[in-house]
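Note sheet for the following structure.
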Amino acid sequence: MTKPKELFISVDVETAGPIPGRYSLLSIGACDVYNPARQFSCELKPITTEYVPEALAVTGLSLEALAESGLDPKDAMRRFATWARSLNQKGENLVFVGFNAAFDWSFANYYFHQFLGENPFGFAALDIKSLYMGAAGCDWSDTRSSRMVKVLKPRSAGNHNALQDAIFQAELFRLARKQP
């Protein structure tokens, strides 16, 4: 019996605050780590009016605008799950990859379970910061993206746009995996 291959999906989210439920997931960006042209992105209608001003300032997103133009959260999560599963043509395990995965995972997992009753990524996420710390043998403080960029020298950059950040994270992940 052969073990299934893994399909790594880089995921980034932008939110209205630090925890799901109290604050809303506002946008999702995702790409296939090894084929970043295979992408997904969407913006969601907020589920609450609470927000941390700094969180919205960083993203440039507006709760009022998203209430009008964002997707219903159930529809957004259904589309995200359908997209992720559509990449899986060979029975691979879908692996959620995030930069500070604990944060992005908490929102994605909450929304998948709240609105779909299941998470297509299962129950775990792979954290790029932790991977890099182990591969580079560095301190936790050296896993900031600004420090990783100096060592790994990616061509792309993050900008708090969920899709662009997912693409950037995918590149960091690929480069970190090549660390001696």
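Remark: the backbone N or O of Ala30 is not paired with any side-chain donor or acceptor of Gln39 at under 3.5 angstrom. Checked by atom type and distance alone, the side chain of Asp104 never pairs as donor or acceptor with a backbone atom of Gly98 at under 3.5 Å. Put simply, the side chain of Ser86 gets close to the backbone of Trp83: a donor and an acceptor are under 3.5 Å apart. For Asn93 (side chain) and Glu6 (main-chain N/O), no donor-acceptor pair under 3.5 Å exists by modelled atom type. Side-chain atoms of Tyr51 do not come within 3.5 Å of backbone N or O of Leu63 as any donor-acceptor pair. Judged by distance alone, the side chain of Glu43 and the main-chain N or O of Leu66 form no donor-acceptor pair under 3.5 Å. In this structure, Asp72 contributes its side chain and Lys74 its backbone to a donor-acceptor pair below 3.5 Å. Distance alone, capped at 3.5 Å, places no donor-acceptor pair between the Lys45 side chain and the Leu71 backbone. No donor-acceptor pair under 3.5 Å is formed between the side chain of Asp32 and the backbone N or O of Pro36. Panel note: side chain Thr15, backbone Ser24; no donor-acceptor pair is recorded below 3.5 Å.
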- Item | Test side chain to side chain contact (heavy atoms under 4.5 Å, CB included) applied to His160 and Glu14, step by step | CA-CA 7 Å; His160 293 290; Glu14 299 300 332; 4.0 Å; yes

- Message: Please determine whether side chain to side chain contact (heavy atoms under 4.5 Å, CB included) holds for the pair Arg38 and Leu7, giving the CA-CA distance in whole Å, both sets of side-chain angles, and the decisive distance to 0.1 Å.
- Response: CA-CA 12 Å; Arg38 298 195 314 177; Leu7 181 61; 4.0 Å; yes

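The shortest distance between side-chain heavy atoms of Arg22 and Ile19 falls below 4.5 Å. Taking the side chain as every heavy atom from C-beta outward, Thr82 and Arg79 never approach each other to under 4.5 Å. Considering only heavy atoms from C-beta on, Glu64 stays 4.5 Å or farther from Pro46 through its side chain. Proximity of Lys129 to Trp140: side-chain heavy atoms (C-beta onward) are separated by under 4.5 Å at one or more points. Looking at heavy atoms from C-beta onward, Cys138 lies in side-chain contact with Thr143 at the 4.5 angstrom threshold.
Using cut-offs of 30° and 60° for the angle between ring planes, the Trp105 and Phe96 rings count as perpendicular.
Note that CD1 of Ile28 is 9.5 Å distant from OG of Ser41, once rounded to the nearest 0.5 Å. Note that CZ of Phe107 is 11.0 Å distant from OG of Ser27, once rounded to the nearest 0.5 Å.
Here the closest non-hydrogen pair linking Gly29 and Ala166 is O-CB, 3.5 Å. Taking all atoms of both residues into account, the shortest heavy-atom contact from Val11 to Gln169 is O-NE2, 3.1 Å. When all heavy atoms of Asp12 and Asn161 are compared, the pair lying nearest together is OD2-O, 4.5 Å. The two residues Pro73 and Leu44 come nearest to each other via the heavy atoms CA-CD2, 4.1 Å. The shortest non-hydrogen separation linking Phe103 to Pro18 is CE1-O, 3.6 Å. What you find for Ser10 and Ala170 is that their closest heavy atoms are OG-N, 3.5 Å.
Within a 6.0 Å radius of CD in Glu118, other residues, nucleotides and ligands contribute more than 12 heavy atoms.
Here Glu171 pairs with Ser156 under the side chain to side chain donor-acceptor pair (under 3.5 Å) rule; sequence neighbours left out.
Taking hydrophobic clusters as Ile, Leu, Val, Met, Phe, Trp and Tyr residues chained together by side-chain heavy-atom distances below 4.5 Å, Leu87 does not share a cluster with Leu163. Hydrophobic clustering keeps Phe40 apart from Leu26 (ILVMFWY residues linked when any side-chain heavy atoms are closer than 4.5 Å, directly or through intermediates). The cluster map of Ile, Leu, Val, Met, Phe, Trp and Tyr, joined by side-chain heavy atoms under 4.5 Å apart, puts Phe121 and Met77 in the same cluster.
In summary, Arg147 and Asp142 engage in a salt bridge, as defined by a charged side-chain N under 4.0 Å from a carboxylate O.
Aromatic rings from Phe112 and Phe80 are positioned such that their centres are separated by under 6.0 Å.
Through side-chain heavy atoms spaced under 4.5 Å, either directly or across other Ile, Leu, Val, Met, Phe, Trp or Tyr residues, Val97 is tied to Phe8, Val33, Tyr34, Val95, Phe99, Leu126, Ile128, Leu131, Tyr132, Met148, Val149, Val151, Leu152, Phe168, Leu172, Phe173, Leu175.
For the residue pair Thr48/Glu50, the side-chain donor-acceptor check at 3.5 Å is not satisfied.
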